[in-house]
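Remember, it's 1-based here, ligands and their atoms both numbered in the order they're listed.
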Amino acid sequence: MAVELTVIGSINVDFVARMERLPKPGETVTARQFERHPGGKGANQAVAAARLGAQVTMIGAVGDDELAEFALGGLLEAGVELEVVRSGQTGVALIYVDMQGENEIAVFPGANANVAPRTLEGVVLCQLEVPDEVVFAAAEKASFFALNAAPARELDLDPDLLVVNRFEHEVMKRGKLVAVTHGKDGAVLYENGKQVAGSAAPAIIPVDGTGAGDAFTAALVVSLLEGKPYEEALRFSCAAGARTAATFGAQQSLPDRELLEGWIEKL
Ligand code: RIB
């Protein structure tokens with residue numbers, strides 16, 4: 001039976017330009033490629049979990065503008081159930097990606113700032129692209145509360161699962177289970193401060209690291225809910241992140257279960 005979870009978080013449209021190298025302040029660089037994708041950490045994680053077979057509800061907000069339908073397209077296509085309010089401008093992310101897969105992102109939250117706090121039951125997954133009150137309320141009654149603390153800020157919360165990269169970990173350390181990602185070096189899982197698992201990441205030619213953390217987070221939540229042992233869950237999640245970084249774009253690169261399992265078998 002499919003595992004069930006609710007994601008409360010951001011829904012964006014990503015405007016992505018790929019270029020030889022990232023511009024310095026004051027510099028103009030000619031991009032080689034430009035694309036527009038549905039994005040936002042919340043929406044990406046909801047789509048990633050749904051593609052891995054979970055039954056997902058997404059709570060969030062988009063604008064009452066021309067970007068709104070596009071922003072929701074990936075969620076609808078992945079079969080995510082939507083509880084979305086509409087007002088103001090849809091959130092956008094301006095993303096630069098260089099030929100080594102490094103990125104720079106500026107996010108305008110727009111309607112994401114209007115997501116209303118609410119308590120939720122069951123498994124809840126949050127990120128930090130919505131106001132603090134939304135995160136606190138979501139944690140209150142959840143039976144399992146998972147937080148991907150990105151973009152990083154310190155919150156007085158003790159989630160059941162915290163997912164952070166090595167930089168975010170310096171800001172937010174609390175959590176019963178804490179997964180720290182180390183990019184191409186894989187990830188480590190701690191339980192009550194003690195390391196319980198570690199995994200290398202599969203070697204890839206990096207194309208675009210955007211969304212790799214979303215893929216990792218969703219895969220870890222889904223595999224833990226499915227009862228996978230820690231080592232196996234972490235290996236699966238590292239593979240999900242790496243597979244996402246091996247293709248251009250965030251949401252569109254998130255692997256479904258068949259693709260991911262097939263890819264892992266060939267590694
Ligand atoms: O994690 C990647 C996401 O961060 C992008 O899709 C962008 O919308 C930003 O929110």
Side-chain angles (χ1 to χ4, degrees), residues 7-18 22 33-51 58-63 65 67-68 70-75 77-78 80 84 89-98 101-115 125-131 134-135 146-153 162-168 171-172 179 181 183 187 206-221 237-238 240-255:
V7 178
I8 181 161
S10 60
I11 304 171
N12 292 335
V13 174
D14 294 350
F15 292 89
V16 196
R18 194 162 180 228
L22 302 174
Q33 192 178 352
F34 172 77
E35 289 182 15
R36 191 177 77 152
H37 309 137
K41 293 186 193 303
N44 292 349
Q45 291 178 25
V47 167
R51 287 190 187 156
M58 168 91 215
I59 301 175
V62 291
D65 56 7
L67 291 177
F70 185 77
L72 297 174
L75 289 157
E77 213 173 291
V80 174
V84 170
Q89 283 173 277
T90 299
V92 293
L94 307 175
I95 305 179
Y96 297 160
V97 185
D98 73 12
E102 286 298 337
N103 63 26
E104 272 178 12
I105 307 181
V107 178
F108 169 66
N112 294 304
N114 305 334
V115 176
L125 170 58
C126 257
Q127 313 74 30
L128 297 183
E129 286 187 330
V130 287
V134 174
V135 182
L147 175 67
N148 173 213
R153 60 179 183 266
L162 174 73
V163 179
V164 279
N165 67 28
R166 56 196 182 285
F167 309 110
E168 291 152 359
V171 181
M172 177 87 190
T181 59
V207 174
D208 181 359
T210 322
D214 299 329
F216 176 92
T217 301
L220 187 58
V221 172
S237 309
C238 284
R243 185 64 183 76
T244 301
T247 38
F248 186 54
Q251 203 174 104
Q252 68 193 46
S253 307
L254 301 165

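Considering backbone and side-chain N/O atoms, T210 never comes within less than 3.5 Å of an N/O atom of ligand 1. Taking distance alone, with nitrogen or oxygen atoms compared against 3.5 Å, K41 approaches ligand 1 more closely than that limit. For a threshold of 3.5 Å applied to N or O pairs, the pair formed by I95 and ligand 1 contains no separation below that value.
In E129, the part holding a heavy atom less than 4.0 Å from any atom of ligand 1 is the side chain.
Atom CZ of F167 has 12 or fewer heavy atoms from other residues, nucleotides or ligands within 6.0 Å. In this structure, E35 places its CD atom where more than 12 heavy-atom neighbours from other residues, nucleotides or ligands lie under 6.0 Å away.
Atoms of ligand 1 found under 4.0 Å from any heavy atom of G40 (numbered from 1 in listed order, with element): 5 (C), 6 (O), 7 (C), 8 (O), 10 (O). Within ligand 1, counting atoms from 1 as listed, the ones closer than 4.0 Å to a heavy atom of G39 are 6 (O), 8 (O). The ligand atoms of ligand 1 that sit less than 4.0 angstrom from a heavy atom of A93 are 7 (C), 8 (O).
For atom 3 (C) of ligand 1, the nearest non-hydrogen atom of the protein is N44 ND2, 3.7 Å. Looking only at heavy atoms of the protein, atom 2 (C) of ligand 1 is closest to D214 OD2, 3.3 Å. Counting only heavy atoms of the protein, atom 6 (O) of ligand 1 lies nearest to D14 OD2, 2.6 Å.
For the residue pair T210 / D208, a side-chain donor-acceptor distance below 3.5 Å is found, with atom types taken as modelled.
Of the possible polar contacts, none joining the D65 side chain to the Q89 backbone as a donor-acceptor pair under 3.5 Å is found. Remark: the backbone N or O of A212 is not paired with any side-chain donor or acceptor of T244 at under 3.5 angstrom. Put simply, the side chain of T90 never gets that close to the backbone of V62: no donor and acceptor are under 3.5 Å apart.
D14 contributes atom CG, which lies 6.5 Å from atom CG of N44 (distance to the nearest 0.5 angstrom).
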